[in-house]
Amino acid sequence: MNQNPTQLATAGEAYEPLTGRWSRMVAPLFLEWIDAGRNGRWLDVGCGTGALIQAILDAEEPKEVVGVDPSSAYIAYARREIRDPRVRYEVGDARALPVASNQYDAVVSGLVINVLPPSGQLSAVREMTRAARRGGTVGAYVWDYAGGLAPRALFWSVATALDPAAEELDERVQYPICQPDQLARLFQSAGLHAVETADIELEATFSDFEDYWDPFLAGYGPASAYLLSLPADAQQALRDRLRAELPAAEYEPFRLPIRAFSVRGVK
Ligand SMILES: C[S@@+](CC[C@H](N)C(=O)[O-])C[C@H]1O[C@@H](n2cnc3c(N)ncnc32)[C@H](O)[C@@H]1O
């Protein structure tokens, strides 16, 4: 990817308010659950703006953390935010990781598996497994788009009620891999042992309606892309309907539940 400096700044900044802020809440809970041990060598696949890397630094006393992502814009954001000599970055693809085999105590990935095309998901987990040392941990988490991501589900239920054509973009049906049984099967198919899954439940907090709505205008992800494709009057209609669905949001902070599914296995 070739981006100018403005794009480098804005890609990460568009990501953070819509998803990064929740990813930063899931990451420590996920690390506690995978329990991969302190002082290890870590690989974070699809590291994006660095939510999981920061959580690893905070909790795991790692010897080393390598972040891989195809987006040089996200890596630029992460480099700017995380200044720690134990961290290095590689621009690269989960399906052909630019790292040596059998090196890492823990290979992890947050909110990435479902953004890969279905045909590439198994290759990615095989690559994660290749990078892990024997006995090392491989783990990942994804949102429960179908039933447990209320801020986004609300957006799509209103969008599809106003415009049935929005259905083909609706994230609630786009990601069949985001189910515990599918994740477990994927990890087993990659040759991992002792595969387990868990739910991670959180609450998303919003200071007011604008705090909920404005991130959809920033251009990150399918919901934002859909919204920005609409003419101004349709954007306004969607905003008004969402506002009506969240009556308390005009005056006070509010919360919506979010859930991630996590999966881990041993090489
Ligand atoms: C939802 S973001 C998650 C970022 C970060 N892991 C987090 O938890 O905040 C999805 C990430 O997957 C990355 N991604 C997309 N395609 C990828 C691929 N083929 N290989 C590796 N990462 C990819 C994106 O660039 C983006 O950083």
Side-chain angles (χ1 to χ4, degrees), residues 1-3 7-8 10-31 33-34 42-59 65-82 87 89-99 106-131 138-145 149 151-152 171 174-175 177-178 186 190 200 202 204 215-216 218-225 258-263:
M1 264 191 208
N2 291 320
Q3 287 109 349
Q7 287 171 312
L8 290 178
T10 56
E13 276 146 22
Y15 175 74
E16 282 292 318
L18 191 64
T19 296
R21 72 207 262 201
W22 319 130
S23 173
R24 287 175 193 281
M25 291 166 64
V26 177
L29 302 174
F30 164 73
L31 291 175
W33 178 71
I34 63 166
W42 289 72
L43 176 64
D44 179 12
V45 177
C47 64
T49 53
L52 189 46
I53 292 177
Q54 186 59 60
I56 294 165
L57 292 171
D58 292 345
V65 190
V66 178
V68 175
D69 201 285
S71 163
S72 50
Y74 287 156
I75 287 185
Y77 185 99
R79 268 209 182 100
R80 199 182 66 200
E81 297 295 313
I82 302 174
V87 181
Y89 299 93
E90 299 281 351
V91 173
D93 192 298
R95 296 161 291 183
L97 288 170
V99 300
V107 182
V108 289
S109 183
L111 308 176
V112 175
I113 289 177
N114 61 288
V115 306
L116 302 171
S119 62
Q121 292 165 354
L122 181 56
S123 313
V125 183
R126 282 198 176 123
E127 276 290 273
M128 292 171 72
T129 306
R130 175 183 67 74
V138 178
Y141 60 88
V142 294
W143 297 129
D144 171 12
Y145 284 96
L149 193 59
R152 220 67 74 74
E171 291 162 287
Q174 286 301 314
Y175 302 127
I177 190 63
C178 294
L186 183 68
I200 301 176
L202 301 168
F216 289 117
Y220 171 77
S224 189
I258 53 181
R259 177 166 49 231
F261 293 130
S262 53
V263 56

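Order of appearance sets the numbers: ligands from 1, and atoms from 1 within every ligand.
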Relative to the heavy atoms of [X], which atoms of ligand 1 are at a distance of less than 4.0 Å?
X    : result
L111 : 1 (C), 2 (S), 3 (C), 8 (O), 10 (C)
Y141 : 8 (O)
Y74  : 25 (O), 26 (C), 27 (O)
S23  : 7 (C), 8 (O), 9 (O)
C47  : 5 (C), 6 (N)
V112 : 11 (C), 12 (O), 22 (N)
L116 : 17 (C), 18 (C), 19 (N), 20 (N)
A51  : 9 (O)

### Non-neighbouring partners of A27 that pass side-chain contact (heavy atoms from CB on, under 4.5 Å), sequence neighbours left out
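If we apply the side-chain contact (heavy atoms from CB on, under 4.5 Å) test to A27, skipping adjacent residues, the hits are L52, A55, Y141.
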Can you tell me how far the [atom1] atom of [X] sits from the [atom2] atom of [Y], to the nearest 0.5 Å?
X    : Y    : atom1 : atom2 : answer
E127 : L43  : CD    : CG    : 10.0 Å
S72  : R79  : OG    : CZ    : 9.5 Å
I56  : F30  : CD1   : CZ    : 8.0 Å
I200 : R259 : CD1   : CZ    : 11.5 Å
T129 : L122 : OG1   : CG    : 9.0 Å
R95  : S119 : CZ    : OG    : 7.0 Å

### Query
Considering only heavy atoms from C-beta outward, does the side chain of L202 approach that of L29 to under 4.5 Å?
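Contact flag for L202/L29 side chains = yes.
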For [atom], which candidate among [options] provides the closest heavy atom?
atom                    : options              : answer
atom 17 (C) of ligand 1 : G67, S72, P70        : P70
atom 21 (C) of ligand 1 : A140, A94, S71, G50  : A94
atom 6 (N) of ligand 1  : A124, S123, G46, G48 : G46

Residue-level breakdown please: for [X] versus ligand 1, do any non-hydrogen atoms fall below 4.0 Å on the side chain, on the backbone, on both, or on neither?
X    : result
D69  : side chain
R95  : side chain
V115 : side chain

### Under 3.5 Å: N/O of D93 near N/O of ligand 1
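Yes.
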### Message
Main chain of V99, side chain of R130: is a donor-acceptor contact present, judged purely on distance under 3.5 Å?
### Response
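The answer is yes, because a donor-acceptor pair under 3.5 Å joins these two groups.
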### Message
For G67, is there any backbone N or O sitting under 3.5 Å from a side-chain donor or acceptor partner on D44?
### Response
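A pair under 3.5 Å: no.
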